[in-house]
Amino acid sequence: MNFIGRNFIREKSKMKNHPPKARSRREAAEKMSDMCVIKRYKEFLPITDKTPVISLNEGNTPLIKSVYFSRLVGKNAEVYFKYEGINPTGSFKDRGMTVAVSKAVEEGAKAVICASTGNTSASAAAYSARAGIKCIVLIPEGAIALGKLAQALMHGAKVIAVKGNFDEALKLVRQISEKERITLVNSINPYRIEGQKTGAFEICDFLGEAPEYHVIPVGNAGNITAYWKGYKEYRDKNKIRSLPKMLGFQAEGAAPIVKRKIIENPTTIATAIKIGNPASWKNAENARDESGGIIEAVTDDEIMNAYKLLASKEGIFVEPASAAGVAGMLKKSKEEYFDKSKKIRIVCVLTGHGLKDPDRAISSIEKPKIVSANLEDILREI
Ligand code: F0G
């Protein structure tokens with residue numbers, strides 16, 4: 001056999017075992033699947049070797065340094081956005097849902113159920129589809145954004161629109177999950193909180209410390225509970241030395257924690273946080289009080305202003321509920337709340353993507369002008 005032939009056979013047998021390109025691609029793909037929150041933060045999560053990992057590579061979302069809002073808040077302030085709209089179903093819910101659905105499957109569940117203002121249902125539907133189990137969602141009739149409804153339906157969930165609000169739907173799914181063998185995946189399921197706390201870990205891993213202030217919209221109050229738990233666990237493991245002040249914001253017409261009473265008929269354009277009796281009410285108050293923070297209300301006008309500024313000045317499109325936190329930060333900045341005697345970092349969690357609620361976006365801007373397909377007419381408009 002000549003040299004070329006021998007060489008060819010050697011190369012061919014190498015290729016058979018591990019084609020070089022394919023192998024590096026596979027390694028890269030394996031690394032990518034390690035990006036999911038369960039694998040990255042396993043030591044902090046109730047995961048065993050028996051837990052099937054139901055994941056869509058959630059988490060690892062960008063922490064974007066703001067230019068415009070840092071300047072608005074002023075000297076010594078650095079504002080960051082934790083852009084949770086980048087998650088697989090477009091909201092922070094995926095961090096909790098990967099853990100909740102994985103544990104449900106581990107425990108033998110054949111179906112999950114939730115009440116939702118939209119995002120929980122989209123996430124539960126997607127992760128259930130991936131796990132091959134049934135998903136039932138109860139939504140308040142006519143009160144969830146179109147994108148979220150489309151997601152739940154496309155992922156094959158059984159969607160039931162209830163003539164009532166979120167709080168009533170939550171009461172019903174709680175009763176159903178007690179009676180039937182169906183796992184509840186609202187944030188009263190502790191695995192949801194466990195998964196969502198990984199957002200705090202990512203922020204600290206990125207900054208090298210906790211921020212001084214953590215800004216977050218509050219609806220059913222699971223997420224503020226989760227972030228506070230995450231920061232405390234990281235501090236207890238000596239990963240960070242200090243804890244942030246937790247600043248939660250509710251919408252004025254749906255602000256039970258601020259008003260210290262259940263709101264029977266909550267109203268706000270931010271449908272995701274249109275909640276009058278949050279399940280994690282007490283935990284949210286604990287996060288506020290233990291951290292020396294606040295929970296306050298912002299008006300729909302303030303939410304819409306922040307919503308538009310985020311899109312037009314930072315290039316970040318969020319749904320209105322996500323802008324509630326940013327609106328609150330702006331309000332507190334005007335009130336000179338922030339201690340800027342030293343450098344401060346403010347992290348705002350942007351909980352959901354703007355494309356979730358296209359109707360709200362379209363109704364809040366000027367519609368495009370219709371012009372004939374003619375160069376001169378178009379140039380005149382530019
Ligand atoms: N932002 C968005 C976009 C949300 O969807 C929610 C809650 C929140 C903020 C508030 O978070 O409830 O943990 O205080 N959405 C739930 C749902 C209620 O059903 O999708 P929270």
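Order of listing sets the numbers, starting from 1, for every ligand and every atom in it.
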Are any of the N/O atoms in F166 less than 3.5 Å from those in ligand 1?
-> no
Output, in order, the C-alpha distance, side-chain angles, deciding distance and verdict of salt bridge (Lys or Arg N to Asp or Glu O under 4.0 Å) for E212 and K342.
-> CA-CA 11 Å; E212 281 67 29; K342 54 181 187 336; 5.9 Å; no
Check step by step if side-chain contact (heavy atoms from CB on, under 4.5 Å) holds for T120 and R192.
-> CA-CA 10 Å; T120 298; R192 281 276 313 278; 3.7 Å; yes
To the nearest 0.1 Å, how far is atom 13 (O) of ligand 1 from its closest protein heavy atom, and which atom is that?
-> N223 N, 2.8 Å
side-chain hydrogen bond (donor to acceptor under 3.5 Å, both in side chains) between Y231 and H214, worked out = CA-CA 10 Å; Y231 283 123; H214 179 97; 2.8 Å; yes
Among K93, R192, K356, the residue with a heavy atom nearest to atom 7 (C) of ligand 1 is K93
Considering all heavy atoms of both residues, which atom of S242 and which atom of A210 are nearest to each other, and what is their separation?
-> O-CB, 3.4 Å
Please identify which atoms of ligand 1 are closer than 4.0 Å to at least one heavy atom of I275.
-> 18 (C)
Atom 12 (O) of ligand 1: which protein heavy atom is closest, and how many Å away?
-> N220 N, 2.7 Å
With heavy atoms and a 4.0 Å threshold, my read on which part of I273 contacts ligand 1 is side chain
Between A272 and ligand 1, find which residue part has any heavy-atom pair under 4.0 Å and reply side chain, backbone, both or neither.
-> both
For ligand 1, is there an N or O atom under 3.5 Å from any N or O atom of K148?
-> no
Could you tell me whether K82 sits above the aromatic face of F206, with NZ or CZ closer than 6.0 angstrom to the six-membered ring centre and within 45 degrees of the axis?
-> no
The residue among V318, L63, T61 that forms side-chain contact (heavy atoms from CB on, under 4.5 Å) with Y83 is V318
Going by atom types alone, do Q196 and K229 pair a side-chain donor with an acceptor below 3.5 Å?
-> no
Taking non-hydrogen atoms only, is I224 closer than 4.0 angstrom to ligand 1 via side chain, backbone, both or neither?
-> neither
Any N/O of F92 closer than 3.5 Å to an N/O of ligand 1?
-> no
For ligand 1, find out whether one of its N or O atoms is nearer than 3.5 Å to an N or O atom of G219.
-> yes
If you measure every N/O of T351 against every N/O of ligand 1, is any gap under 3.5 Å?
-> yes
Would one find an N or O of T117, backbone or side chain, under 3.5 Å from an N or O of ligand 1?
-> yes
Any donor-acceptor pair under 3.5 Å from E202 side chain to G199 backbone = no
Report yes if some N/O of E319 lies less than 3.5 Å from some N/O of ligand 1; otherwise report no.
-> no
Per-atom contacts, ligand 1 versus V218 - under 4.0 Å to a heavy atom = 14 (O)
Got V185 and Y127 here, is their nearest side-chain heavy-atom distance under 4.5 Å?
-> no
Heavy-atom distance under 4.5 Å between the side chains of L45 and K42, does that happen here?
-> no
Nearest non-hydrogen protein atom to atom 5 (O) of ligand 1, with distance, is N119 ND2, 2.8 Å
Which atom of F317 lies closest to which atom of A361, heavy atoms considered | CZ-CB, 3.7 Å
Which residue and heavy atom of the protein sit nearest atom 20 (O) of ligand 1, plus the separation | T120 N, 2.8 Å
With a 4.0 Å cut-off on heavy atoms, is A221 touching ligand 1?
-> yes
Could you pull out the closest heavy-atom pair between I295 and A284, with the gap in Å?
-> CD1-O, 3.7 Å
Under 4.0 Å from one or more heavy atoms of G222, ligand 1 contributes atoms 13 (O), 14 (O), 21 (P)
For ligand 1, find out whether one of its N or O atoms is nearer than 3.5 Å to an N or O atom of S116.
-> yes
